Participant: 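If you scroll down you'll find the structure; I have some questions about it.
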Amino acid sequence: MILLKSHSCGELRKKHVGANVDLAGWVDRRRDHGRLIFIDLRDRGGIVQVVFNPEVSKSCHEIASEMRSEYVVRVSGEVAPRPPGTENPKLPTGDVEVIIDNTEILNTSKTPPFYINEDTEVEESLRLKYRYLDLRRARMKRNLLLRHQIVKFMRDFLDAQGFIEVETPILIKSTPEGARDYLVPSRLYPGKFYALPQSPQQLKQLLMVAGVEKYFQIAKCFRDEDTRADRQPEFTQLDLEMSFIEEEDILNLLEGLFASMVETVKPEMRMIKPFPRLTYAEAMEHYGTDKPDLRFGMEIRDLSDIVAQSDFSIFRSAIAEGGKVKGICAPGCASYTRHQLDELNKLVQNLGAKGLVTIILGTSGGSINDLTLEMVKSVATKFITLDHIKQMAECLGANMGDLLLIIAGKPKIVDMVLDELRREMGHRLKLADPNVLAFAFIVDFPLLARNEEMGQWESMHHPFTAPRDEDVSLLDVAPEKVRGKHYDMVCNGCEIAGGSIRIHTSHLQRKIFKLLGYNDDEIEERFGHLLEAFDYGAPPHGGVAPGIDRIVMLMAGEETIREVIAFPKTQSATDLTVNAPSSVAEEQLAELHLLLREES
RNA sequence: GGCCCCGUGGUGUAGUGGACUAACAUGCCACCCUGUCACGGUGGAGAUCGGGGGUUCGAAUCCCCCCGGGGUCGCCA
């Protein structure tokens, strides 16, 4: 026998009754009744109950009494209908069972360090150390399968649209202006290094010059920066690029791809269609972030004009110093206790705000017109008139019984803190439906942002992003006003994709590099290959790169991308499964011409 | 680099200065059990409470340092 299995455990149904089957898998659970032993046998396809009856086979029954959790076993027998009344509706295979007349233990197993057969919380470091066991669990198996289905859909979809998949190198050239690079020392060239790609950006643009026209790749990207729930040192992007297109083409492609992918792979999840489009300015104004969670409202409103003339020094001084006063309305939260308000205050202070002004609007429902000063609970009542409070409540769309949360300070801090508060309150009030994927496009980004520390212009996206045609003339006089042909796709508060129409002439590209502070030598050394390529008939082109880990995370309903990566790294960038990074032998270092520095 | 949370039998939790000789569930081991499916029953083994130091008559519990995991700000063109 070459194959140990004639069927998968999970596929057996009533129609198989009478068939002799060969199965193999892991012991999920054992129920030993003394004479009769039931084993739930598990393989990738599912679980089926197999029965060891000493009256059928005494030797099989003896072997089965030795079986324990996670033993690897092979069984053969006849598929039988379960006796009436003993069917198990919880199992897809619950109408049948396999009466075993031949079996073998292929391998034993130690008692696993955590439950494989139960969906209980286990400390993540333990799961990662024994990731191969963790991946046996239903949740991880489901996530791996979903990821496969998503990636397969992407490949099929893009193939049907005429894209071709091209691989680009993993050993490329360091580009220190972006994220920190992962470096690979060169054995053949002492003192020189390759870098792992932060993204295949320049290579895919060269593929456009090469006439590929429609390219994509499931691309591993590497960035040596600190991790987050949605950020890993290495991650996967659906990298794609097209020639002879404009921004609208990319957005249409994305919407078509993601909408049909969700409808195919996760039909139970809902979307807002067509995907809403917000300008960067609108997103920042109403959500305080360029990646808003649009599953709920609770929009931020600017209250500066209302309170500018008030006697409340916190508000007045913030505005006088060039700051803003903005707030949100937490519906129905007037009953918040002192303790809960203190908690929120602590939250905003940890984020860098000076404090949180809370205004409780009465205790029961009703029209805000009936509000009296006695019904308002807030430190602000001493300094702010009832009229101002009513105006703020109206501006925030508040009703009686609601809680206003107001932050004053520098615009950047105010936005960041209110974004956090909005998401926190949305979470507490369960406003974000987990079965909704609220995709949206963010457009009209500024091309450049001022780096205050360095006193220099930096690319908002990357230096290859084309400025809007009508703004090109502003590059010389007012760079901050130049809008880029840059777009993001966001979903549920997560940046899912970023892309742009690229510069495709060396003249304009050089101009941008110079604006970013590079001199001619630096431009030549770092980007000479790209600029030269542009002089050989580079077509207009643009593209986008959706993060695969993130979209799988959202579709799997997970909180971190580690749950959808087979072997993820910890927050401190270690791999607990294989214990990486690790020391290397002195001989390896010597071969690479490396000497370790003494760190103080 | 900053701030915050977590670490108690194999696993998940309870215990927040004395009654803890550390509890509960589950897992594990042994025996019993022919229809269970998170099988059931009886019995048993198993943690000096992440590590180190300190305070105290007394520390799982309070303080300090360290280690590990997580969240986040900075960082992520």
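If you're wondering where the values come from, they're calculated on a predicted model, not measured in any experiment. We name chains A, B, ... by the order of the sequence lines, and we start the count at 1 in each one.
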Participant: Tell me: CG of L351(A) to P of C3(B), nearest whole Å?
Facilitator: 14 Å
Participant: With respect to the side chain of D226(A), which nucleotide from G70(B), G69(B), G74(B) is positioned closest?
Facilitator: G74(B)
Participant: Does a side-chain N or O of S572(A) approach OP1 or OP2 of G69(B) to a distance below 4.0 Å, or not?
Facilitator: yes
Participant: R180(A) side chain N/O closer than 4.0 Å to the phosphate oxygens (OP1, OP2) of A77(B)?
Facilitator: no
Participant: Does the side chain of S199(A) get closer than 4.0 angstrom to OP1 or OP2 of C76(B) through an N or O atom?
Facilitator: no
Participant: Taking only side-chain N and O atoms of Q49(A), does any of them lie within less than 4.0 angstrom of OP1 or OP2 on U36(B)?
Facilitator: no
Participant: In whole angstrom, give me the gap between the P atoms of G27(B) and C67(B).
Facilitator: 38 Å
Participant: So do L448(A) and L515(A) actually touch side chain to side chain, heavy atoms under 4.5 Å?
Facilitator: yes
Participant: Nearest to the V122(A) side chain among C37(B), G35(B), G12(B), which nucleotide is it?
Facilitator: G12(B)
Participant: Any N or O donor-acceptor pair linking the side chain of R68(A) to the base of C29(B) at under 3.5 Å?
Facilitator: no
Participant: What is the distance from CD1 of I116(A) to C1' of A38(B), rounded to the nearest Å?
Facilitator: 16 Å
Participant: Pick the C1' atom in G10(B) and in G46(B), then give their distance to the nearest Å.
Facilitator: 9 Å
Participant: Does a side-chain N or O from R30(A) land closer than 4.0 Å to OP1 or OP2 of A38(B), or not?
Facilitator: no
Participant: Taking atom P in both A45(B) and C5(B), compute the distance separating them and give it to the nearest angstrom.
Facilitator: 39 Å
Participant: Which value, rounded to the nearest 0.5 Å, describes the distance between D293(A) atom CG and R422(A) atom CZ?
Facilitator: 6.0 Å
Participant: Below the 4.0 Å mark, does C39(B) have OP1 or OP2 next to a side-chain nitrogen or oxygen of R31(A)?
Facilitator: yes
Participant: Tell me which nucleotide, if any, is Watson-Crick or G-U wobble paired with C3(B) when both distances must be under 3.5 Å.
Facilitator: G71(B)
Participant: Just to verify, what does H529(A) make a ring-ring contact (aromatic ring centres under 6.0 Å, His included) with, not counting sequence neighbours?
Facilitator: none
Participant: Within the modelled atom types, does a donor on one side and an acceptor on the other bring the side chain of N350(A) and the base of C3(B) under 3.5 Å apart?
Facilitator: no
Participant: Ignoring hydrogens and geometry beyond distance, is the side chain of R228(A) in donor-acceptor contact with the base of G74(B) at under 3.5 Å?
Facilitator: yes
Participant: Between the base of U36(B) and the ring of F38(A) - centre-to-centre under 5.5 Å, planes within under 30° - is that a stack?
Facilitator: yes
Participant: Determine the Euclidean distance between corresponding P atoms of U48(B) and G43(B); express it in Å to zero decimal places.
Facilitator: 26 Å
Participant: What do you reckon, do H33(A) and the base of C39(B) stack, with centroid distance below 5.5 Å and planes below 30°?
Facilitator: yes
Participant: Which value, in whole Å, describes the distance between the P atoms of nucleotides G51(B) and U11(B)?
Facilitator: 14 Å
Participant: So which nucleotide does C24(B) pair with, by the Watson-Crick or G-U wobble rule with both distances under 3.5 Å?
Facilitator: G12(B)
Participant: Can you find a side chain N or O atom of K346(A) that sits less than 4.0 Å from OP1 or OP2 on C3(B)?
Facilitator: no
Participant: If you go through the side-chain atoms of R231(A), does one of them form a donor-acceptor pair with the base of C75(B) closer than 3.5 Å?
Facilitator: yes
Participant: Considering only atom P, compute the distance from C29(B) to G2(B) and round it to an integer number of Å.
Facilitator: 47 Å
Participant: If you take atom types as modelled and just measure distance, does the side chain of R127(A) reach the base of U11(B) with a donor-acceptor pair under 3.5 Å?
Facilitator: no
Participant: Can you tell me if R428(A) has over 12 outside heavy atoms packed within less than 6.0 Å of its CZ?
Facilitator: yes
Participant: Quantified in whole Å, what is the P atom distance between nucleotide G15(B) and nucleotide C32(B)?
Facilitator: 40 Å
Participant: Given G69(B), is OP1 or OP2 found less than 4.0 Å from the side-chain N or O atoms of T570(A)?
Facilitator: yes
Participant: Salt bridge check: are E458(A) and R450(A) linked by an N-O gap of less than 4.0 Å?
Facilitator: no
Participant: Is the shortest side-chain heavy-atom distance between P233(A) and F222(A) below 4.5 Å?
Facilitator: no
Participant: Which listed nucleotide (C75(B), U36(B), C28(B)) is nearest to the side chain of E225(A)?
Facilitator: C75(B)
Participant: Among the candidates G74(B), G12(B), G69(B), find the nucleotide nearest to the side-chain atoms of E123(A).
Facilitator: G12(B)
Participant: Any idea which of G69(B), G35(B), C39(B) is nearest the E124(A) side chain?
Facilitator: G69(B)
Participant: Does OP1 or OP2 of C32(B) have a side-chain N or O of R35(A) closer than 4.0 Å?
Facilitator: no
Participant: Distance between the P atoms of G70(B) and C75(B), in whole angstroms?
Facilitator: 22 Å
Participant: Looking only at the aromatic ring of each residue, does the gap between the centers of F441(A) and Y487(A) stay below 6.0 angstrom?
Facilitator: no
Participant: Could you check which of G71(B), C33(B), U26(B) has an atom nearest any side-chain atom of D32(A)?
Facilitator: C33(B)
Participant: Any idea which of C76(B), U72(B), U26(B) is nearest the R223(A) side chain?
Facilitator: C76(B)
